[in-house]
Trainee: 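Sharing a structure with you now.
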Amino acid sequence: MRETKTSAPGEILLPREVVLASAGTGKTFTLSSRLISLLALGAPPDSLLASTFTRKAAGEILTRVLSRLARASLNQDLARVLAQETLLPTPTSDEGAAHCETFSALLRSLVRELHRANVGTLDSFFVRIAGSFPGELGMPPDWAISDEPTSQRMESEALQEVLSGASPREMVELVRMTMRGESGRGVHQRLLVQLRELRGLLHQQGIPDPEAIWRPPEPGVSEWEEEEEGEEEGEEEGGTPWEEILRDIGAAPLPETARGDPDTRFKKTVAEGLEALENRDWAKFCGKGLASKVLAGEESYSRKPIPQEIRKAFQRALGGVRRDLGEELAAQSRALRALVVGFDSALERIHRREGAYRFEDVTFLLAGKEPLATRTDLWYRLDQKAHHLLLDEFQDTSRAQWEALEPLASELLSGHPGERSALVVADPKQSIYGWRGAEPSLARRVGASFGMQQRSLDRSYRSSGPV
């Protein structure tokens with residue numbers, strides 16, 4: 001906190017910074033110190049927007065603030081230490097009593113306004129916003145967070161609705177993607193898991209243009225495909241001339257042994273390649289034998305040079321595999337997109353009917369085309385006006401959560417540093433919520449986009465020196 005600059009009377013000039021810290025290096029201490037500093041400089045409790053990942057962590061931060069203020073209000077030595085750790089002038093030996101009184105007053109004020117201190121989870125903050133704007137979000141006035149059985153029932157109903165209207169091709173692609181060639185029970189539950197993950201991806205990447213993320217990128221052209229391009233221009237549209245390719249591979253002369261016989265190893269691998277192509281087993285064809293050598297750009301197979309005729313025939317076959325795979329992936333992507341968009345729409349209708357939502361559903365709604373955080377009446381409806389942003393455990397923040405919060409953060413940080421401050425604390429090594437879209441790298445990107453300072457906490461207070 002020593003980098004804080006001197007400010008004019010009435011101003012709060014705190015650094016806007018990203019703090020990267022591992023476990024045990026003082027993250028909670030840093031956050032509680034910032035909160036006490038803001039309170040000591042005159043910031044009302046309801047002007048703070050402090051968020052962490054769990055309710056337990058939020059309670060620990062508030063407990064730390066209250067206990068540090070309580071101890072400092074009763075002990076002059078602790079009052080001097082806390083004054084040094086925050087932003088009060090460094091006391092002299094005879095000022096301990098004055099600082100005790102200062103911290104006692106801060107403690108009384110905070111306890112009186114504790115119900116207005118916005119220290120909690122992002123989910124709870126988003127629920128407050130959604131509760132103030134149900135009509136704008138298309139939610140019923142009496143909506144609530146659903147329990148797990150209710151959520152599963154609504155998702156199952158949405159899945160049944162989607163499957164009843166899906167085409168046979170879409171059904172095949174969905175089951176193929178879900179089961180991955182396995183057999184067994186639990187298809188329904190695995191379908192739900194897959195659709196839930198894909199729905200999250202759809203919202204994280206942006207629902208307005210789903211084609212942008214579901215359309216496979218056009219594959220590049222390798223050097224050997226360019227060589228064959230002139231020959232393929234005359235081919236009929238609509239497919240790969242597999243009969244011609246198979247005939248060319250089968251007719252290509254094989255290397256000979258010293259006695260003039262065809263090399264048995266080349267003969268065997270060519271036969272295996274032909275069988276894989278005939279069975280459309282692209283993985284087997286590309287993953288072993290001559291095709292894998294040609295694909296890797298190697299010149300020999302089984303310590304013998306690969307004849308040019310065989311090389312060209314396999315190159316053309318690889319080009320055909322590449323094209324057919326691209327068409328297959330494009331078809332799968334279109335089918336999955338239709339299913340996921342349909343699942344999302346069905347689930348949204350069921351949510352409105354039931355008035356029940358998961359936390360992530362609320363986040364998706366807030367991060368829609370017109371984020372509520374940009375509304376001018378946001379703070380009026382919330383009955384507060386936040387000026388200072390403190391985000392803990394930011395490594396567990398998902399892209400969707402940040403999209404919902406970013407407009408608000410932009411508005412907060414657009415003010416003069418003497419009025420607004422921000423502290424983002426993250427431990428990239430401890431992110432364990434990648435399964436729900438958490439992005440550990442988000443902290444650095446956010447800090448860079450807002451021009452925030454970056455510092456690290458490297459000393460561990462939980463481990464001994466040798467550890």
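Note that the structure is a prediction, hence the values are computed from the model and not measured. Basis for what follows: all heavy atoms, side chains included, without hydrogens, waters or symmetry-related copies.
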Trainee: Looking at Gly342, is its backbone amide N or carbonyl O close enough to the side chain of Ser345 to form a donor-acceptor pair, meaning the two atoms are under 3.5 Å apart?
Mentor: no
Trainee: Working note: Ser302 + Arg265, criterion side-chain hydrogen bond (donor to acceptor under 3.5 Å, both in side chains); need CA distance, chi angles, decisive distance, verdict.
Mentor: CA-CA 8 Å; Ser302 189; Arg265 286 168 293 191; 3.2 Å; yes
Trainee: Whether Glu275 and Lys268 form a salt bridge (side-chain N of Lys/Arg under 4.0 Å from carboxylate O of Asp/Glu) is what I want to check.
Mentor: no
Trainee: Looking only at non-hydrogen atoms, find the nearest pair between Ala313 and Ile245 and report the distance.
Mentor: O-CG2, 4.5 Å
Trainee: Please lay out, stage by stage, how Val18 and Val424 fare under the test side chain to side chain contact (heavy atoms under 4.5 Å, CB included).
Mentor: CA-CA 5 Å; Val18 174; Val424 176; 4.2 Å; yes
Trainee: Identify whether the distance between the nearest side-chain nitrogen and carboxylate oxygen of Lys312 and Asp248 falls below 4.0 Å.
Mentor: no
Trainee: Looking only at non-hydrogen atoms, find the nearest pair between Ala356 and Thr150 and report the distance.
Mentor: CB-CG2, 4.3 Å
Trainee: Quick one: are Glu148 and Arg358 in side-chain contact, heavy atoms under 4.5 Å?
Mentor: yes
Trainee: So do the side chains of Asp383 and Arg116 get within less than 4.5 Å of each other, counting heavy atoms only?
Mentor: yes
Trainee: Show the numbers, then the answer: is there a side chain to side chain contact (heavy atoms under 4.5 Å, CB included) between Leu408 and Leu378?
Mentor: CA-CA 10 Å; Leu408 178 59; Leu378 172 65; 4.2 Å; yes
Trainee: Heavy-atom count check: over 12 atoms from other residues, nucleotides or ligands less than 6.0 Å from Glu243 CD?
Mentor: no
Trainee: Could you check if a side-chain atom of Arg196 sits within less than 4.5 angstrom of a side-chain atom of Arg199, using non-hydrogen atoms only?
Mentor: no
Trainee: Looking at side-chain heavy atoms only, is the closest gap between Leu405 and Thr397 below 4.5 Å?
Mentor: no
Trainee: Take atom CZ in Arg128; do more than 12 heavy atoms of anything else shown fall under 6.0 Å from it?
Mentor: yes
Trainee: Nearest 0.5 angstrom please: Met452 CE to Ser421 OG, how far?
Mentor: 9.0 Å
Trainee: Within the 4.5 Å heavy-atom criterion, are Glu354 and Ser146 side-chain neighbours or not?
Mentor: no
Trainee: When you look at Ser124 and Thr121, which way does the side-chain hydrogen bond (donor to acceptor under 3.5 Å, both in side chains) test go after all the steps?
Mentor: CA-CA 5 Å; Ser124 65; Thr121 65; 3.2 Å; yes
Trainee: For the OG atom of Ser156 and the CG atom of Leu192, what is their distance to the nearest 0.5 Å?
Mentor: 4.5 Å
Trainee: Once rounded to the nearest 0.5 Å, what's the spacing between atom CZ of Arg311 and atom NZ of Lys293?
Mentor: 11.5 Å
Trainee: Could you check whether any side-chain N or O of Arg16 sits under 3.5 Å from a backbone N or O of Leu413, counting only pairs where one atom can act as donor and the other as acceptor?
Mentor: yes
Trainee: Relative to the ring of Trp242, is the ring of Trp282 parallel (under 30°), tilted (30 to 60°) or perpendicular (over 60°)?
Mentor: parallel
Trainee: Please find the pair of heavy atoms, one from Ala409 and one from Leu389, that lie closest to each other, and give the distance.
Mentor: CB-CD2, 3.8 Å
Trainee: Check the surroundings of atom CZ in Arg445: do more than 12 heavy atoms from other residues, nucleotides or ligands lie under 6.0 Å from it?
Mentor: yes
Trainee: Between the side chain of Arg381 and the main-chain N/O of Ser132, is any donor-acceptor distance below 3.5 Å?
Mentor: yes
Trainee: Is Leu137 close to Leu366 at the side-chain level, that is, under 4.5 Å between some pair of heavy atoms?
Mentor: yes
Trainee: Using every non-hydrogen atom in the two residues, find where Tyr357 and Pro140 come nearest and quote the distance to one decimal.
Mentor: OH-CD, 3.6 Å
Trainee: Walk me through whether Lys385 and Glu411 qualify under salt bridge (Lys or Arg N to Asp or Glu O under 4.0 Å).
Mentor: CA-CA 11 Å; Lys385 176 61 176 177; Glu411 192 274 332; 3.4 Å; yes
Trainee: Keeping the roles fixed (side chain from Gln395, backbone from Asp427), state whether a donor-acceptor pair exists under 3.5 Å.
Mentor: yes
Trainee: Spell out, as yes or no, whether a donor-acceptor pair under 3.5 Å connects the side chain of Asp377 to the backbone of Tyr380.
Mentor: no
Trainee: For Lys304, look at atom NZ and say whether over 12 heavy atoms of other residues, nucleotides or ligands are found less than 6.0 Å away.
Mentor: yes
Trainee: Can you tell if the side chain of Ser456 reaches within under 4.5 Å of the side chain of Thr25, non-hydrogen atoms only?
Mentor: no
Trainee: Does the pair Val119 and Leu48 meet the rule for a side chain to side chain contact (heavy atoms under 4.5 Å, CB included), with working shown?
Mentor: CA-CA 8 Å; Val119 181; Leu48 312 177; 5.9 Å; no
Trainee: Below 6.0 angstrom between ring centroids: does that apply to Phe266 and Tyr301?
Mentor: yes
Trainee: Could you grab the distance from atom CG of Leu62 to atom CZ of Arg64, nearest 0.5 Å is fine?
Mentor: 12.0 Å
Trainee: If you compare all heavy atoms of Ala252 against all heavy atoms of Ile310, which two are closest, and at what distance to 0.1 Å?
Mentor: CB-CG1, 3.7 Å
Trainee: Do the side chain of Arg316 and the main chain of Ile249 share a donor and acceptor less than 3.5 angstrom apart?
Mentor: no
Trainee: Say you draw a straight line from OG of Ser37 to CG of Leu423; how long is it, rounded to the nearest 0.5 Å?
Mentor: 10.0 Å
Trainee: Mark yes or no for whether Ser51, through its side chain, and Leu122, through its backbone, hold a donor-acceptor pair below 3.5 Å.
Mentor: yes
Trainee: I would like to know whether Val340 and Leu195 meet side chain to side chain contact (heavy atoms under 4.5 Å, CB included); could you show each step before the answer?
Mentor: CA-CA 6 Å; Val340 175; Leu195 284 175; 4.0 Å; yes
Trainee: Determine the minimum heavy-atom distance between Leu274 and Gly250, stating which atoms define it.
Mentor: CD1-CA, 4.2 Å
Trainee: Measure from the ring center of Phe285 to the ring center of Phe314 and say whether it is less than 6.0 Å.
Mentor: yes
Trainee: Using 0.5 Å steps for rounding, measure from the CG atom of Asp344 to the CZ atom of Arg349.
Mentor: 10.0 Å
Trainee: Run the salt-bridge test on Lys27 and Glu393 with the 4.0 Å N-O cut-off and return the result as yes or no.
Mentor: yes
Trainee: Does a side-chain heavy-atom distance below 4.5 Å link Val127 with Trp143?
Mentor: yes
Trainee: If we ignore angles and hydrogens, is there a donor and acceptor under 3.5 Å between the side chains of Glu403 and Gln401?
Mentor: no
Trainee: If we ignore hydrogens and angles and just use 3.5 Å, is the side chain of Gln384 paired with the main-chain N or O of Asp46 as donor and acceptor?
Mentor: yes
Trainee: If you draw a 6.0 Å radius around NZ in Lys288, do more than 12 non-hydrogen atoms from other residues or ligands fall strictly inside?
Mentor: no
